[in-house]
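In what follows, chains carry the letters A, B, and so on, assigned in the order in which the sequence lines appear, proteins first and then strands, with residues in each chain numbered from 1.
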There are 2 protein chains.
Amino acid sequence: MPTPPRTSRDQIITAGYTLLNELGLSAVTMQAVATRVGVRAPSLYKHVADLPALRALVADAAARDLATHLAGLDQLSDMAHALRTWALAHPHAFRLTFSGVGSPETMATASASLLRASASIAGNADALNAARLLTAWATGFITMELAGAFQLGGDVDAAFRYGIDRITAALTTRNPPPASTTGTPGPSH
Amino acid sequence: MPTPPRTSRDQIITAGYTLLNELGLSAVTMQAVATRVGVRAPSLYKHVADLPALRALVADAAARDLATHLAGLDQLSDMAHALRTWALAHPHAFRLTFSGVGSPETMATASASLLRASASIAGNADALNAARLLTAWATGFITMELAGAFQLGGDVDAAFRYGIDRITAALTTRNPPPASTTGTPGPSH
DNA sequence: ACCTGAACACCGTTCAAGT
DNA sequence: ACCTGAACACCGTTCAAGT
């Protein structure tokens, strides 16, 4: 006898994302998510394959959330600051986004807007490399900040601004760029 | 009746580090580590507080392993390449090192030598910021590479070289640096 | 068509009992 | 002083049974 679903994939992903932000990845369990959507754990298997799959979907949700917070910005420095602001407010989501748990497109989605902004500063030929450089630096900086690597000293806000200034300068001084030595830019991010 | 220990903290950490490299963090369990050192899981509690503590010790071991691979290098670009080479050979260890699971000093230990090399390129006043910039970029680049963010296109080796060139240039052009706007460097990393 | 309880395998942790 | 088996709580996953 057919019965209507008592929950949905979207509801499950949302519950998982909430648990991630409030308690961390280890709290994103089948049982906790099931309880939160009002069913028993075995029911989730009608909607997601297993726990790793659920966590991958939560990682994608995190990337979409981040993308929302970057949308509408066109200054590279504004985007870098927005990335850091979001990461400090959602540390578990940030780590999961860049952990490789999500689909291969997850991070590309999150940082797609960075590519547009990079293209306007560096030449188009170097836009891919420039976007990668800025994204990698900001990601690494925030990763280290969240991990406590900077806790012993210095003004972390100032260090972040220093990095943006230096990198923006490094990318701008090469505009228009000489013939690139790095091959043709690929489609990724 | 006193009896001699049948295992040791070092042996336990080594077993955990081996499991980490071979199978990933999720394989570093009390039971798997105990089996590997030839005792039962409850015995481990005589040597480590609990599983999170064991994983923190494994993270520290990873940082020390990385530091070993960076020791003896003085060129910034050599160190960046050595970091990447080690990370690609030990992806789980790399991720754990920069995950914040270890002690606060873990990452500082791993990247201490980067500070020395940075000081010789940028002024001493900017050495801390410069070291942070390079470490953050390399960490973020490798994180994204391991997560598959670059898999869709381009020459990743070339992109890494591009980043080193651009960053080294950005740090060198400011040598000696003007009065820094970023306050006094702290003792961290 | 979806949800459930029962079952199984597995893991972290505690603790009384062994040596 | 260290190790063990037994026990308990908890989690992932499967599946026959319910509606």
Side-chain angles (χ1 to χ4, degrees), chain A residues 1-62 92 95-96 99-103, chain B residues 1-62 92 95-96 99-103:
Chain A
M1 278 298 151
T3 55
R6 226 160 292 176
T7 185
S8 70
R9 194 178 162 97
D10 275 1
Q11 205 181 145
I12 288 164
I13 294 169
T14 300
Y17 189 49
T18 301
L19 281 166
L20 174 71
N21 283 315
E22 292 180 354
L23 297 166
L25 217 216
S26 68
V28 182
T29 66
M30 297 300 265
Q31 310 223 3
V33 169
T35 299
R36 210 162 218 292
V37 300
V39 299
R40 301 287 183 169
S43 303
L44 298 185
Y45 291 83
K46 286 286 162 183
H47 300 96
V48 299
D50 52 21
L51 181 62
L54 199 173
R55 289 181 171 179
L57 292 168
V58 171
D60 292 341
H92 300 293
R95 274 188 283 248
L96 185 61
S99 73
V101 155
S103 63
Chain B
M1 274 297 153
T3 56
R6 226 161 291 176
T7 185
S8 69
R9 194 177 163 97
D10 274 1
Q11 206 182 144
I12 288 166
I13 294 170
T14 299
Y17 188 50
T18 303
L19 282 165
L20 174 72
N21 282 316
E22 291 179 356
L23 298 166
L25 216 216
S26 67
V28 182
T29 66
M30 297 300 265
Q31 308 222 4
V33 170
T35 299
R36 210 162 219 290
V37 300
V39 299
R40 301 288 184 169
S43 302
L44 298 184
Y45 292 82
K46 286 286 161 185
H47 300 96
V48 298
D50 53 20
L51 181 63
L54 198 172
R55 288 182 173 180
L57 291 168
V58 171
D60 293 341
H92 300 293
R95 274 188 283 247
L96 186 61
S99 71
V101 156
S103 61

Test B:L54 against B:M30 for side chain to side chain contact (heavy atoms under 4.5 Å, CB included), laying out the working first. CA-CA 8 Å; B:L54 198 172; B:M30 297 300 265; 3.8 Å; yes
With both distances under 3.5 angstrom, what nucleotide forms a Watson-Crick or G-U wobble pair with D:dA1? C:dT19
Determine: side-chain N/O of A:T3 to OP1/OP2 of C:dC3, distance under 4.0 Å, yes or no. no
Taking only the side-chain heavy atoms of A:A41 (C-beta and beyond), determine which of D:dT4, D:dT13, C:dT13 contains the nearest atom. D:dT13
Checking contacts here: which listed nucleotide (D:dT13, C:dT4, D:dC3) is nearest the side-chain heavy atoms of A:R6? C:dT4
Once you apply the 3.5 Å cut-off to both distances, tell me the Watson-Crick or G-U wobble partner of C:dA9, or none. none
Listed nucleotide nearest any side-chain atom of B:K46, set C:dT14, C:dC11, D:dC2: D:dC2
Rounded to whole angstroms, how far apart are CG on B:L54 and P on C:dC11? 15 Å
Minimum heavy-atom distance A:Y45-A:D50, with the two atoms named: CE2-CA, 4.1 Å
pair B:R9-B:I13: side-chain heavy atoms closer than 4.5 Å: yes
Could you please name the option among D:dC3, D:dG12, D:dT14 that lies closest to any side-chain atom of A:P42? D:dT14
Considering only heavy side-chain atoms of A:Y45, the closest of D:dG12, D:dC3, C:dG12 is D:dG12
Looking at C:dG5, C:dC11, D:dT4, which one has an atom nearest to any side-chain atom of B:R40? D:dT4
Under a 4.5 Å cut-off applied to non-hydrogen side-chain atoms, are B:Q11 and B:S8 in contact? yes
Categorize B:T29 for me: base, sugar-phosphate, or nothing, with a 4.0 angstrom heavy-atom threshold over every strand shown. sugar-phosphate
Under 4.0 Å between any heavy atoms, over every strand shown, what does A:P5 touch: base, sugar-phosphate, or nothing? Just pick one. sugar-phosphate
Closest listed nucleotide, where the reference is the side chain of A:V39 and the choices are D:dC3, C:dT13, C:dT4: C:dT4
What nucleotide among C:dT4, D:dT4, D:dT13 has an atom nearest to a side-chain atom of A:M30? D:dT13
What is the minimum heavy-atom distance between B:G16 and B:V28, and which atoms define it? O-CG2, 3.6 Å
